[in-house]
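So the structure is just underneath, and the comments pick up after that.
The sequence lines fix the lettering, A, B, ..., with proteins before strands; numbering per chain opens at 1. Just so you know, these numbers use all the heavy atoms, side chains as well, and skip hydrogens, waters and symmetry mates.
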Amino acid sequence: MRIPCPLCGERDASEFTYLGDAGPRRPDPTAPDAAEAFHDYLHLRDNPAGWHVELWYHEAGCRSWLQVSRNTLTHELGEVRRAEDLGLDEPSP
Amino acid sequence: MTAPDRIVAKEGIAAREAARPAGAAAAASCRRREGGLIDRSRSLSFSFDGKAFAGHPGDTLASALLANGVRLLGRSFKYHRPRGVLTAGSEEPNALVELRGGARREPNTRATVVELYDGLEAASQNRWPSLRFDLAGAGDLLSPLLTAGFYYKTFMWPAAFWEKVYEPLIRRAAGLGRLSGAPDPDSYEKSYAFCDVLVIGAGPAGLMAALTAGRAGARVILADEDFRVGGRLLAETHEVGGRPGPLWADDVLAELAGLDNVRCLPRTTVYGVYDGGTYGALERVADHLPVPPPGRPRQRLWKIVARRAVLAAGATERPIAFGDNDRPGILLAGAQRSYLNRFGVLTGSRTAVFTCSDDGWRSAADLVRAGAEVAAVIDTRPDARCPDGLTGLEDVALIAGGRVVETRGRLGLTSIDCLDRDGRRRSLAVDGLAVSGGWNPALHLTCHQGARPVWRDDLATFLPADDLPPGLAVAGAAAGGFSTAAALAQGAERGAAAAEAAGHAVRKPEPPEAEDGPVAVTPFWHVKESRARAWLDFQNDVTVKDVALAHREGFRSVEHLKRYTTLGMATDQGKTANVQALAIMAELTGKSIPETGTTVFRPPYTPVAISAFAGRSRGKDFRPVRKTPSHDWAVEQGAVFVETGAWLRAQWFPRPGETHWRQSVDREVLAVRNAVGVCDVTTLGKIDIQGADAGAFLNRVYANGFAKLPLGKVRYGLMLREDGFVMDDGTTARLGEAHYVMTTTTAKAVPVFRHLEFCRQVLWPGLDLQLISTTEQWAQFAVAGPRARDLLREIVDPDHDISNQAFPYMACGEVTVCGGTRARLFRLSFSGELAYEVAVPARYGDAMIRALMAAGAAFEVTPYGTEALGVLRIEKGHPAGNELNGQTTAANLGMGRMVSKKKDCIGNVLSERPGLNAPDDLRLVGFVPLDRRAQLTAGAHFIALGRAAVAAEDQGYMTSVAHSPNLGHSIGLGLIQRGGERIGEKVRAVDLVRGADVEVEIVSPHFIDPEGERLRA
Amino acid sequence: MPDFTLAARSPLAGAAALAESWPGFAVSEVTDLALASLATRRGRETEVRNRAKARFDLEPPPPGRTASGDGMTFLWTGHEQWFVEAQESALGGLEALLRETFEDSAAVTDQSDAWANLRLEGPATRAVLEKLCPLDLHPGAFPPGATARTTMEHLSAIITLRDDRWRFSILTPRSSAGSFLHHLHQAADSACGAT
Amino acid sequence: MAKTGRYSALALIRQALTGNRDWPRVWRDPEPKPAYEVVIVGAGGHGLATAYYLAREFGITDVAVLEKGWIGSGNVGRNTTIARSNYMLPGNEAFYEFSMKLWEGLEQDLNYNAMVSQRGILNLCHSDPQRDAYARRGNAMRLHGADAELLDREGVRRLCPFLNFDDARFPITGGLLQRRGGTVRHDAVAWGYARGADSRGVDILQNCEVTGFLMEDGRCVGVETGRGRIRAKKVGVAVAGSSSRVMAKAGLRLPIESHVLQAFVSEGLKPVIPGVITFGAGHFYVSQSDKGGLVFGGDIDGYNSYAQRGNLPTVEDVCEGGMAILPMIGRARLLRSWGGIMDMSMDGSPIIDRTPVEGLYLNAGWCYGGFKATPASGYCFAHLLARDEPQETAAAYRLDRFRSGRVIDEKGVGAQPNLH
């Protein structure tokens, strides 16, 4: 599998470290339902068979955290963007 | 052109023949005096089962043995049936040998692909005492008992007999060849390659594809598993562009070799298609040599990234299932032609051809042309006739609508019985039988990403599916283009398309002229009239009857069939078996072949040595070694080293006269407590953090407060995972207004850095901070003990005041040492003593340890290793790896109060879950044995006094133990339920796996200086 | 007070493998270059470029590229991050020079001692590197001045093409440089013949 | 069961004499009934075992097992066949030891030889902290009545002299041995349970994909399938690898990610490796089958996948691990690789529990340790379905444990599925 790093170009996936679903956003710890929200954020997953937006870290390259679209049925790669560029406050897709 | 009726007229002659001793010639040379692609001017000697033979350059082991009249090459797996050569390629199920001797022995090596070299040694396998006399062959008589899956139905009584009796017997029969038992002495390497077009297979289609793409300027890699390019052209007598096929192939190769943008890889099998256009290929660099030349690998594993690929792997011929179709002397027709035309070997002195298509007729024609005797062509088609374009077959008998039903010959074929279309039976004395059941495209690689081949009735075969791996196209016989002309045309077309897709302008290629015979296959899977077993999977001894049994018992899906009968599970992966078995299952179920299923293939296409996948990463080179800056110095001191992750660290420094490691470690510990010790702590992770928001960031990644760390101060930091459990601990020093340096544990340096980057880039991209690892930049030494300051005063340049007032506990700063070398000084203590860590640029690390030792001589300085480091921290009650095991919370470690509830930090929300705050939770406390002579052991579990050692009584476990030379007895740290409330209580530390059961007292984890006076001294 | 003046030692000082050479390939250790990382502080991208231009007459290079000027070479290593190389002798401390140049617009961190710097050269260099480096080093894909960080034999490596033919440099972490050199040696034996 | 249905040596001989013509089907191929007492989704090892124990232990025979393909087509047919009960944490060890005990009587119980072969499992260790962790684990096993032995380097050498003792980057310092561990012929487990359940009246319905759940008043009362609607008082889902996809049809999100695990087999070799051996300084485990193939594996590829195939870096990593401890296998050839889809849970431990939907029960999250659990998983799921309360050894496998924090994290890596 090869991931097109937006900075380094296409590299073998072995250069990257996988974290998982990029959808969940870290909740507000001060909200009254923070415990439940954090449980959901950390543990519950849609886990789709098909296109999946996920976080990868280009650990052996530029050390960018990337938001990667990838198909979990075919391993086809879609859009890849730097997570930092997407910003903190962007709502979940 | 012969009139078909004349051929039919010859049938009478064949029918009248008695069984004459055709096998008698078996031992004589079967090599023709001329013809073929071997170099008769040179002779290569080799041996098989200890007997010496000779062959020629260009031979395979199989062709050389056949040339020497050796037909019996091996035994089958289950019934130990005598077996010869079936094929001339990598699909071979029968002719497996142990190649080479000693540590280089390679079991299960297909003789059909072994390139002959001088001095080659091979031996037959899976037989005892000898290949001709194999006692286990008697098992063949029991075959009615040993049906598919018989072992699931027996060996159950008495129960204890399975491991003791039955299974050992089964395991004695297991496997084929033997490993040497010694480490593989050869070396292996990996190589990376990138290309526009990867062409897999160098037959007519592949050569044409490579030539077309290469001429267009594309970066091309052409790989072929054979040692000579040409593919089927080498085995047939076809001409291409008016040139003999092999010579045309040589011409193309020569042109390709002259193109800078083309790389040709002979002896290279593309074994797998992986994601993103990555192809795995194995190059047999030195398998055709007795031993690899110095410095060279035996094999090279290529990882090829190709924008486009053309699969031109040809096709594999199918056998036909008939009674005893497995005898030596029965070959696939295409293989028989390969031995004849490429190697100049006759595989029988008198040969019959059994075919269901025109293709088998080529064998008859080539044999006749070579002056060999053809007993008959037995063609399953009732209206069979000699195909157009084949000549010289006027005198060959034809049995149209015929079937071979039985064969004879214990160790090699002597005769066959066949039926004609009217059911008349006749015997033919033959020692060769060439069988052609049609061709299966070698589409294996197209399945590697999940595509399923599709059945084509008109071609009576599976063809590659439409959902091919991205970038892969198929050409030639692999795509069903079975004629040479079709292969050339498809190769040119796919090669052009691939080059164009990679951005190269292609001139429309003109494929050379070649035969374009029609493909007429009337599929014929098995001879129903045969009473004897008819083999499908030769190696695993799966017969038509086994498929019928599987059907009867309900194992009807293709996967059930394979798993129940072991069809297709042998070293050839069913390349010559799966399609026939599927067709027979279709017959039995009354469904069509596509309704019944399909056969798919997974990597690797042909088996790949495990060594090749490991490459250079083996033995001591399994993983890189990280050495500390003081490594060479420690070696000079005679240090004993220990692997801690990738690092090698000094474990202790033995002195003359010390005979037990404890003596060294006790001395080192006492030296730190009583004088001063020095330890290389470079391995701790160091992360440079700069930016306006660095402080705020630290306050969020540490559980304890970091917002107000003053300049010039260090603070202990506890880092949680988001789930509330402890991730790591360490210290962070503030060196500047917006400049911090974090240390992590050695083990967690990489994951913590990754986590911090996650927090910085993903969670809080608005914060201004930059991270970079400086673990490698600084050589860092702990200087610990009551005389640490005295020693450092010799090292730190005098303009820096390091007095207790100016540089108190938890102070830090940039200093210079040894006359101007810049350094960092931290007043930190892991041991509980007055201690510092001093860091210098790593280039000075070696000099620094020497300077510290020289300067410290006056203070009795002692180097200490990781073992003493461990004892010191246990005495002080500091948690380390055994406690920070990812399963502990801050509360477990007695640091619950450090987790700030007032701020947002990673982990504090979920750390409040009830499961992390149960009343009977584990707490880290100290333990001492009641009998001070007793040794504590880590991993022991705590059981209340007087209670049984059972799981229900389990109260926790000992995490770390040490012999404390200061206290004079064994001490331990452990996690026990409600530990903090139970100081003074006595429990048992039960270590069943070490046979220990020690009564211990629960004590404070701070065995030394609980008030912390020493470290502030 | 006795003199404990500290002598510097390069990461591969004394490595036997450095003494060898092969037909078409040679490897040596570069020990006279200082190295520091430069990372733009949040929102200061333009300022960093302006200061680099003013002081070193160069544009900090884009991803995958190097740029040189006034004795300095910038190697792109990450988003808004570069490794800056300069002759050891030319400075009163590269780190200090960069800090002075960029002030608080960028974070500067000394990396001079963190990496072994290997020079690889000769017409067979690509044939050697093909056995180690998972990147496409074909001149069309990795032109002169290209730089990339990747993994070779389980080790981090920053590879740069230093001329328009076959002179490469590789930065690899100091502590494991011996392992890296060992693998390089084996690759060279295989590509060029054992010495 | 048909007259010829009981398997024995005698039956083999009798059949051999009559041309093996009378062997009955191993399981029937019935038409679905409109309703069952219990419907189990997924005819893998766990689903079939659940049906078997429902019938055998709890007397519930009005059961259908629904399979979208052919039985055993999931992970029971794609694993490295290892059975062991060498777990460390409370909540795990009792369950796996229960499973081991069920393995030990399985063949006689089923009258089907699944070749439960207790040739031992040896976990190698390479450092003192690792040895201490093994001691902790071995003691936990012993406290639960399982067997465990802590070996030093010489003990390992006596048992496996062929390991790499001379040239190792991470020297072998000892190991944890469970002699009762071993291997089981994986497909036979599915077939044996299928045969046992079928003979007790359970309907096994192949090619019967569940397309949705029947809900009435917020309660699950059956399933929609490709072969029609099937009602049931209780529906149990045991589809590890596809749990998220199936449970999404009931509107549930799970603490599970699907990951690919590759496994490998070598060509058949004369036996060289007695039991199961695992590497402690990398991830590699190996045994040798009764046919002679080395069966081995390592880490999951590490990214979400339903593709049933992995990539080269994992293959290389696994083989590097193999060569690190067993340099003698270098010239053995890797014959075949395959990929299975693993339910990777957030703490590495499984779930056997009710769901928030009444009438719907879940058996999931087996990570890549589900095979060894097959008997106990089936038994405990059957217990839950029959009695509506957890079997005691499986009581910790609650779906809500991530909310409560009562996680069972053997590896100590937290809510990061690809690290378990």
Could you walk me through whether D:R331 and D:E267 pass salt bridge (Lys or Arg N to Asp or Glu O under 4.0 Å), step by step? CA-CA 11 Å; D:R331 293 176 100 86; D:E267 296 179 341; over 6 Å; no
With a 4.5 angstrom heavy-atom cut-off, which part of [X] approaches chain D: side chain, backbone, both or neither?
{"X": "B:L145", "value": "both"}
{"X": "B:L96", "value": "neither"}
{"X": "B:H551", "value": "neither"}
{"X": "B:S617", "value": "both"}
{"X": "B:F155", "value": "both"}
{"X": "B:K545", "value": "neither"}
{"X": "B:F150", "value": "both"}
{"X": "B:A880", "value": "neither"}
{"X": "B:A182", "value": "backbone"}
{"X": "B:K190", "value": "side chain"}

So, D:W191 versus B:Y564, ring centres under 6.0 angstrom or not? yes
Establish, yes or no, whether a centroid distance under 6.0 Å links the rings of B:H560 and D:W27. yes
Salt-bridge contact D:R309-B:D275 (side-chain N to carboxylate O under 4.0 Å): yes
Closer than 4.0 angstrom, basic N to acidic O: yes or no for D:D198 and D:R195? no
At a heavy-atom separation under 4.5 Å, does [X] approach chain B through its side chain, its backbone, both, or neither?
{"X": "D:I273", "value": "backbone"}
{"X": "D:P161", "value": "neither"}
{"X": "D:V26", "value": "both"}

Can you tell me how far OG of B:S611 sits from CZ of D:R333, rounded to the nearest 0.5 angstrom? 11.0 Å
Rounded distance (nearest 0.5 Å) linking atom OG1 of B:T937 with atom CG of B:D991: 3.5 Å
Return the option, out of [options], with the maximum number of heavy-atom pairs under 4.5 Å with chain D.
{"options": "B:R913, B:R602, B:R171", "answer": "B:R171"}
{"options": "B:R623, B:R618, B:M958, B:E106", "answer": "B:R623"}
{"options": "B:T109, B:V625, B:V608, B:D723", "answer": "B:V608"}
{"options": "B:V642, B:T566, B:T278, B:T606", "answer": "B:T566"}
{"options": "B:G645, B:A173, B:A103, B:G175", "answer": "B:G175"}
{"options": "B:F77, B:W157, B:F555, B:Y271", "answer": "B:F555"}

Please evaluate residues B:H941 and D:N139 with respect to the criterion side chain to side chain donor-acceptor pair (under 3.5 Å), reporting the C-alpha separation (whole Å), side-chain torsions for both, the decisive distance (0.1 Å), and the verdict. CA-CA 7 Å; B:H941 286 239; D:N139 284 320; 5.0 Å; no
Does a sphere of radius 6.0 Å around CZ in D:R398 hold more than 12 heavy atoms from other residues, nucleotides or ligands, not counting ones at 6.0 Å or beyond? no
Got more than 12 heavy atoms from elsewhere within 6.0 Å of CZ, B:R172? no
For B:E553 and B:K153, run salt bridge (Lys or Arg N to Asp or Glu O under 4.0 Å): C-alpha distance rounded to whole Å, both residues' side-chain angles, the deciding distance at 0.1 Å, then the answer. CA-CA 12 Å; B:E553 297 192 270; B:K153 298 169 179 165; 3.0 Å; yes
Using only heavy-atom distances, determine whether the side chains of D:D187 and B:Y152 contain a donor-acceptor pair under 3.5 Å. no
